[in-house]
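What follows is a set of notes on a single structure, which appears directly below.
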Amino acid sequence: MSPRVRFAPSPTGVLHIGSVRTALFNWLYARHNGGKFLLRIEDTDKVRSTEQNTKLIFEILEWLGIDWDEEPVIQSTRLVRHREVAEAMVKDGRAYRCCCSQEELAAKKEKALSEGKPYKYDGTCRDKNIVDAQSVIRLKSKLDGNTTVIDLVQGAVTVENAQLDDFVLLRSDGTPTYMLSVVVDDHDMGITHIIRGDDHLTNTFKQVQIYEACGWTVPSFAHIPLIYGPDGAKLSKRHGAASAVDYRELGYLPETISNYLLRLGWSHGDDEIISRDEAIEWFDLRNIGRSPSRFDMKKLQNLNSHYIRQRDNASLLSYVLPLLKKQIGEIEEKRILRGMDGLKTRAKTVVELAEAAAVYIAAPTHYDDACSKYVTDVHISLLRDVVSVLDQIGDSVTEEQVAQSIKELAEKRGVKLIEIAQAMRVALCGRLVSPSVFQIIEIIGTNETVSRINSFISCSVYPGSCS
Ligand code: GLU
């Protein structure tokens, strides 16, 4: 039977990067095995779930090219079915109604804690046959024996049933708990494999009991270790960025995120750069590691540089345009496109690419601190000579022509070429890292170059006053 897997995010927060990895692993598993990848929005927590978070789930999956099969299931539309299942379990004697008050339960909990014992519902109502519809419904858990889950990542994991209590399936207001709804939905959706974060492993034992109580086939489970920050704490906003949206905004390409997340916790020999097709061909659950994954920003950046270099220039332009601070015309757009080869070899993110592309739009309005080294009297006088040299050649020049002229100037002035090039870079870009200045001049023309250098020279105070 071909597998049916699902991604079941709760829209109670912005989609976490760890959840994106869960989605990716499920998707790859389905695509590798010719199965189905389904999507379920677990929005039963009406207070914390938002439309915006739901919208972002769809948006991020689409951005990453993680497509789903069949109509997404919206969990909140299935509450009647969840209640039906709970009530049927009461009828079959697999669950029971409980009317213990919150106060009674809280007092028992407090007592257990004060005695240093773990709290567990004591089964007061287990054999009372309560019929009050306003009461909660609890599962009649197994009192003895063990439950073993053969997890496809973690191996065999066993708990004694005596450790589990008669947990709640349906609240007194008739709404299902997560434990119940997740099992009913997975069953009804025909899910064969549940691949999710290992923070759900303890829930699995309870869920297996529900499957068994309903007489349903228990799916296979694969619990993936969570993602941790460099300090060993669970990856969160504190580490700089934790949601998929954060990484998109920081200028990471979708293929970078997919490749990085795939390698974070899964391996195929020493391969680091893995294409989508290779990922589909190679993915299996066996090669998911058991130890927690550490998020490595440096690695992510290196991978992004790689994918930026791989991208065609027109698609990079479509990423860059919305990030530019000002509206630009066709001329500037063409210039950026012409300069893209030089820009993309230096950028670690699309945001950096957009910042560097600004050189093709206008003179800099900001100068990096590092520029100050190249604003001595000597450099200014070199720039004056550059203006004289450029004034003698036409507006339209090639990179090679400009390079030749500036080399001759360097020889004449007895300075290294880099001294002149850096001074030009400061005047033209306001930064020391940029594509070749000669290439920039070929693209923006000598007239604009001269005008930028002249206004730079005429600025009396540096840095920051040139605008
Ligand atoms: N909605 C749950 C979550 O976002 C996932 C449930 C599951 O995968 O079983 O953590």
Side-chain angles (χ1 to χ4, degrees), residues 3-30 35-58 60-61 66 68 72-79 81-82 85 139 147 149 151-154 157 167 169 175-211 214 216-228 234-237 242-245 261 265 285 288:
R4 288 172 67 84
V5 296
R6 51 52 162 194
F7 176 49
S10 306
T12 48
V14 186
L15 192 62
H16 191 273
I17 200 81
S19 302
V20 173
R21 189 184 58 167
T22 301
L24 179 68
F25 283 11
N26 275 284
W27 184 85
L28 287 171
Y29 190 76
K36 294 271 188 251
F37 170 76
L38 310 185
L39 184 56
R40 182 172 71 235
I41 305 295
E42 302 209 323
D43 61 340
T44 49
D45 181 344
K46 281 293 167 203
V47 179
R48 291 167 56 231
S49 298
T50 69
E51 281 288 325
Q52 174 63 6
N53 289 336
T54 305
K55 199 173 134 250
L56 281 173
I57 292 169
F58 291 112
I60 292 292
L61 292 181
I66 298 179
W68 54 91
V73 171
I74 308 297
Q75 193 164 57
S76 59
T77 62
R78 298 185 32 85
L79 301 183
R81 165 72 177 148
H82 301 151
V85 172
L139 181 79
T147 298
V149 171
D151 191 275
L152 298 173
V153 172
Q154 312 285 338
V157 192
F167 57 90
L169 300 172
T175 59
T177 58
Y178 156 72
M179 286 307 161
L180 177 68
S181 45
V182 80
V183 171
V184 175
D185 289 350
D186 282 336
H187 168 75
D188 289 0
M189 290 165 74
I191 300 302
T192 58
H193 294 71
I194 294 181
I195 305 166
R196 59 186 174 188
D198 67 6
D199 49 340
H200 283 292
L201 184 59
T202 50
N203 293 333
T204 304
F205 299 101
K206 294 183 176 178
Q207 290 166 10
V208 166
Q209 294 230 15
I210 302 177
Y211 280 101
C214 292
W216 294 339
T217 308
V218 181
S220 299
F221 290 94
H223 286 94
I224 320 162
L226 298 186
I227 301 175
Y228 292 82
K234 231 161 104 177
L235 190 73
S236 72
K237 191 87 185 162
S243 79
V245 178
L261 290 178
L285 297 172
I288 293 179

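Any value given below was found using the heavy atoms of this structure, including those in side chains, with hydrogens, waters and symmetry copies removed. First listed ligand is number 1; within each ligand, the first listed atom is number 1. We number each residue from 1, following the sequence as shown.
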Run the salt-bridge test on R78 and D188 with the 4.0 Å N-O cut-off and return the result as yes or no.
yes
Might you point out which heavy atoms bring V5 and N26 nearest each other, and give the distance in Å?
CG2-O, 3.3 Å
In the protein, which heavy atom is nearest to atom 5 (C) of ligand 1, and how far is it?
A8 O, 3.3 Å
My understanding is that only residues two or more places apart in sequence, or in another chain, count here; which of them pass side-chain hydrogen bond (donor to acceptor under 3.5 Å, both in side chains) with D199?
none
For R196, the ligand 1 atoms with a heavy-atom partner under 4.0 Å come out as 7 (C), 8 (O), 9 (O)
Distance to 0.1 Å, residue and atom name: give those for the protein heavy atom nearest to atom 10 (O) of ligand 1.
H200 NE2, 3.0 Å
How long is the straight-line distance from CD1 of I60 back to NZ of K55, given to the nearest 0.5 Å?
10.5 Å
Which ligand 1 atoms, with their elements, are less than 4.0 angstrom from a heavy-atom of V182?
9 (O)
Distance filter under 4.0 Å to E42 heavy atoms, resulting ligand 1 atoms:
1 (N), 2 (C), 5 (C), 6 (C)
Can you sort out the partners of H187 under ring pair (Phe, Tyr, Trp, His ring centres under 6.0 Å), two or more places apart, ordered by chain and number?
W216
Look at atom 8 (O) of ligand 1 and say which protein heavy atom is nearest, naming residue and atom and giving the distance to 0.1 Å.
R6 NH1, 2.7 Å
Among the heavy atoms of F7, does any lie under 4.0 Å from an atom of ligand 1?
no
Measure from the side-chain N and O atoms of D43 to the backbone N and O of S49, and report whether any donor-acceptor pair falls under 3.5 Å.
no
